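Note sheet for the following structure.
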Amino acid sequence: MSSFFVVSKQYEELARDEIISISKSYDGTSKITVLPRLVIVSSKVPWNIIANRATFARHAGMIAGTFDDVSKIDGIMPRPETFVCRTINLSSKSIGSSLERQAGAILAKKWGSKVSLSNPKVTVYLIITDSKNYLGYAESHVTPIHPKKLVKHPHEIDMKLARCMVNLSGLKEGNTLCDPFCGTGTILLQAESMGISSIGIDFDKIMCKITKKNLAGNKFDSRVINSGFEEIKNIMGEIDGIVTDLPYGISSRSSVSPKKLLQDFISVIPKRKKLVMVYKKGLEVDQISKAKKYEIYRHKSLTRVIAVS
Ligand SMILES: C[S@@+](CC[C@H](N)C(=O)[O-])C[C@H]1O[C@@H](n2cnc3c(N)ncnc32)[C@H](O)[C@@H]1O
């Protein structure tokens, strides 16, 4: 069973690796083909399970086949009552709208189905790339449903990035994640919304209260511990991975520089534990020199780095 995921242009590498990580976490034998802005996954995982989690997937569905010439399109897919054709041009060529019309007419005749632009039962995708053209289809547009955030704070991480980081950890339902710098709980909220249990730690009592309110607002029950990050050593046996967003400056409650904090933090994490963290560019330390890194530009004085190890 093959599925496709068209990813956003903005964070293309991150988006692609997010889909690969989710697919492999459910089926280690998943075969992945990567093309510019397109990921094809051949695995036992239903496409909607991946699309439901993946933050940066713009379109997703099943692959019905490939085609060279639109007049000969044919693919294995259930006959829909109504459908619409949509071209996704990922190639360097320019493609006119006649392709959709041509494909629509051919498929309507073959299936005896009607084209419906306003309320189609199935969307048929004509995915054009420089190497191959894929015929895809989906009965619905599946996108992640983000949890609610009742209490916000200026230093919170954005919801999408938090979800993507949880996905890069390779954790899934039944696993437990820890965010030892949980702040308002964004990472915990995203983890629990995907069925991953989570434990948050923050040395600031007020942040712990905010996290608890945000969890309660979604009827989530992640544990929140008001303590320094070192507390993680006492719960290491309970957790499968760590996903966290490190402080960006020196907090009023600690005199430790962000770089020293990063070093101290990494020194308490066993090497075999999955670790996904985001920190301000420039804090790189030797212990994570081999980690896979993604840069996220925010503004001229802030570029963040997501490191996965
Ligand atoms: C960048 S913020 C995390 C923001 C969070 N991701 C969110 O979305 O709200 C870093 C958090 O680390 C906490 N913190 C700083 N030093 C700490 C330490 N030594 N141990 C535990 N928490 C600490 C701060 O109180 C702050 O809430």
Side-chain angles (χ1 to χ4, degrees), residues 3 5 7-8 11 14-28 30 32 39 41 43-61 138 140-150 152 156-201 210-224 232 235 238-245 273-278 292 294 296 306-309:
S3 44
F5 301 88
V7 299
S8 70
Y11 299 124
L14 197 59
R16 185 190 68 203
D17 289 355
E18 181 188 26
I19 287 163
I20 296 173
S21 172
I22 301 169
S23 311
K24 298 250 181 207
S25 72
Y26 286 103
D27 176 3
S30 298
I32 316 280
V39 185
V41 177
S43 78
K44 294 179 218 128
V45 198
W47 70 273
N48 51 329
I49 300 275
I50 302 171
N52 202 9
R53 287 188 55 166
T55 324
F56 298 115
R58 300 271 295 274
H59 308 281
S140 52
H141 184 62
V142 178
T143 46
I145 298 168
H146 294 285
K148 285 184 276 185
K149 191 83 181 277
L150 297 187
K152 293 180 172 283
E156 69 191 9
I157 188 171
D158 75 70
M159 277 285 189
K160 284 188 164 187
L161 226 44
R163 190 175 188 96
C164 179
M165 287 173 63
V166 175
N167 287 331
L168 289 171
S169 73
L171 299 180
K172 59 177 192 238
E173 293 89 341
N175 290 143
T176 301
L177 162 159
C178 176
D179 177 358
F181 300 93
C182 71
T184 59
T186 321
I187 290 169
L188 310 179
L189 292 173
Q190 286 291 14
E192 217 176 321
S193 77
M194 295 188 278
I196 300 161
S197 305
S198 49
I199 305 172
I201 302 173
I210 295 177
T211 289
K212 283 181 186 164
K213 275 192 187 152
N214 283 330
L215 290 165
N218 291 275
K219 300 197 167 47
F220 290 165
D221 59 5
S222 299
R223 209 157 95 210
V224 183
I232 198 169
I235 55 166
E238 295 176 50
I239 60 181
D240 303 291
I242 298 125
V243 180
T244 197
D245 169 24
K273 283 275 180 218
K274 193 80 190 175
L275 171 64
V276 181
M277 56 184 181
V278 61
K292 170 91 196 197
Y294 308 84
I296 312 282
I306 295 181
V308 180
S309 57

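Since we're looking at a predicted model, the values are computed, not measured.
Atom-to-atom distance recorded for Cys164:SG and Glu18:CD is 4.0 Å, nearest 0.5 angstrom. In this structure, Met165 CE and Ser21 OG are separated by 12.5 Å, a value rounded to the nearest 0.5 Å. Separating the CG atom in Asp240 from the NZ atom in Lys172 is a distance of 10.0 Å, to the nearest 0.5 Å. Here the straight-line distance linking atom CG of Asn218 with atom CD of Gln190 works out to 9.5 Å at 0.5 Å rounding. Taking CD1 from Ile49 and NZ from Lys44, the interatomic distance works out to 14.0 Å, rounded to the nearest 0.5 Å. The structure places CG of Asp158 at 9.0 Å from NE2 of His146, a figure rounded to the nearest 0.5 Å.
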Practice prompt. Before giving the answer on side chain to side chain contact (heavy atoms under 4.5 Å, CB included), spell out for Asn167 and Phe56 the whole-Å C-alpha distance, their side-chain angles and the decisive distance to 0.1 Å.
Written response: CA-CA 11 Å; Asn167 287 331; Phe56 298 115; over 6 Å; no
Worksheet item: side chain to side chain contact (heavy atoms under 4.5 Å, CB included) between Ser193 and Arg163: does it pass, once the steps are laid out?
Response: CA-CA 9 Å; Ser193 77; Arg163 190 175 188 96; 3.3 Å; yes
Worksheet item: Passes side chain to side chain donor-acceptor pair (under 3.5 Å), Ser198 versus Ser222? Steps please.
Response: CA-CA 5 Å; Ser198 49; Ser222 299; 2.7 Å; yes
Item to complete: Please lay out, stage by stage, how Asp221 and Leu215 fare under the test side chain to side chain contact (heavy atoms under 4.5 Å, CB included).
Response: CA-CA 7 Å; Asp221 59 5; Leu215 290 165; over 6 Å; no
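Between Asn214 and Leu188 the shortest side-chain heavy-atom distance does not fall below 4.5 Å. Taking 4.5 Å as the limit, every side-chain heavy atom of Tyr11 sits out of range of all side-chain heavy atoms of Thr55. With contacts defined as side-chain heavy-atom distances shorter than 4.5 Å, the pair Val278/Leu161 does not qualify. Phe5 has its side chain within reach of Val41: a pair of non-hydrogen atoms, C-beta onward, lies under 4.5 Å apart. Within the 4.5 Å cutoff, the side chain of Leu275 has heavy atoms near those of the Met277 side chain. Within the 4.5 Å cutoff, side-chain heavy atoms of Ile201 are placed close to those of Cys178. Side-chain contact between Lys213 and Leu150 is absent, with no heavy atoms from C-beta onward closer than 4.5 Å. In this structure the side chain of Ile187 reaches within 4.5 angstrom of the side chain of Asp245, judged on heavy atoms.
In this structure Tyr26 satisfies the side chain to side chain donor-acceptor pair (under 3.5 Å) test together with Arg53, Glu173, sequence neighbours excluded.
Open room surrounds NZ on Lys160; 12 or fewer heavy atoms of other groups in view lie less than 6.0 Å from it.
Partner Thr244 forms a side chain to side chain contact (heavy atoms under 4.5 Å, CB included) with one of Leu177, Ile232, Val276, Asp179 and no other, that one being Asp179. A side chain to side chain contact (heavy atoms under 4.5 Å, CB included) with Met194 is found for exactly one of Val166, Asn175, Asn52, namely Val166.
In terms of heavy atoms, Ile32 sits closest to Val39 at CG2-CG1, 3.6 Å. For the pair Ser140 and Trp47, the tightest heavy-atom approach, listed with the atom from each and the gap, is O-CH2, 3.4 Å. The two residues Lys274 and Ser169 have their closest heavy-atom pair at CG-O, 3.2 Å. Residue Arg16 comes nearest to Val7 through the heavy atom pair N-CG1, 4.4 Å, listed as atom of the first residue, atom of the second, then distance. Closest of all the heavy-atom pairs between Ile50 and Ser23 is CD1-OG, 3.5 Å. Closest approach of Pro144 and Ala51 over heavy atoms only: CD-O, 3.7 Å.
Between the side chain of Lys273 and the main chain of Ile239, a donor-acceptor pair closer than 3.5 Å is present. A donor-acceptor contact shorter than 3.5 Å links the side chain of Thr211 to the backbone of Gly183. The main-chain N or O of Ile22 is found under 3.5 Å from a side-chain atom of Ser25 such that the two form a donor-acceptor pair.
For the 3.5 Å distance criterion, the side chains of Lys152 and Thr184 fail to qualify, holding no donor opposite an acceptor.
A salt bridge is absent between Glu192 and Lys219; no separation between the charged side-chain nitrogens and carboxylate oxygens falls under 4.0 Å. We find that Asp17 and Lys292 are joined by a salt bridge, their nearest charged nitrogen and carboxylate oxygen being less than 4.0 Å apart.
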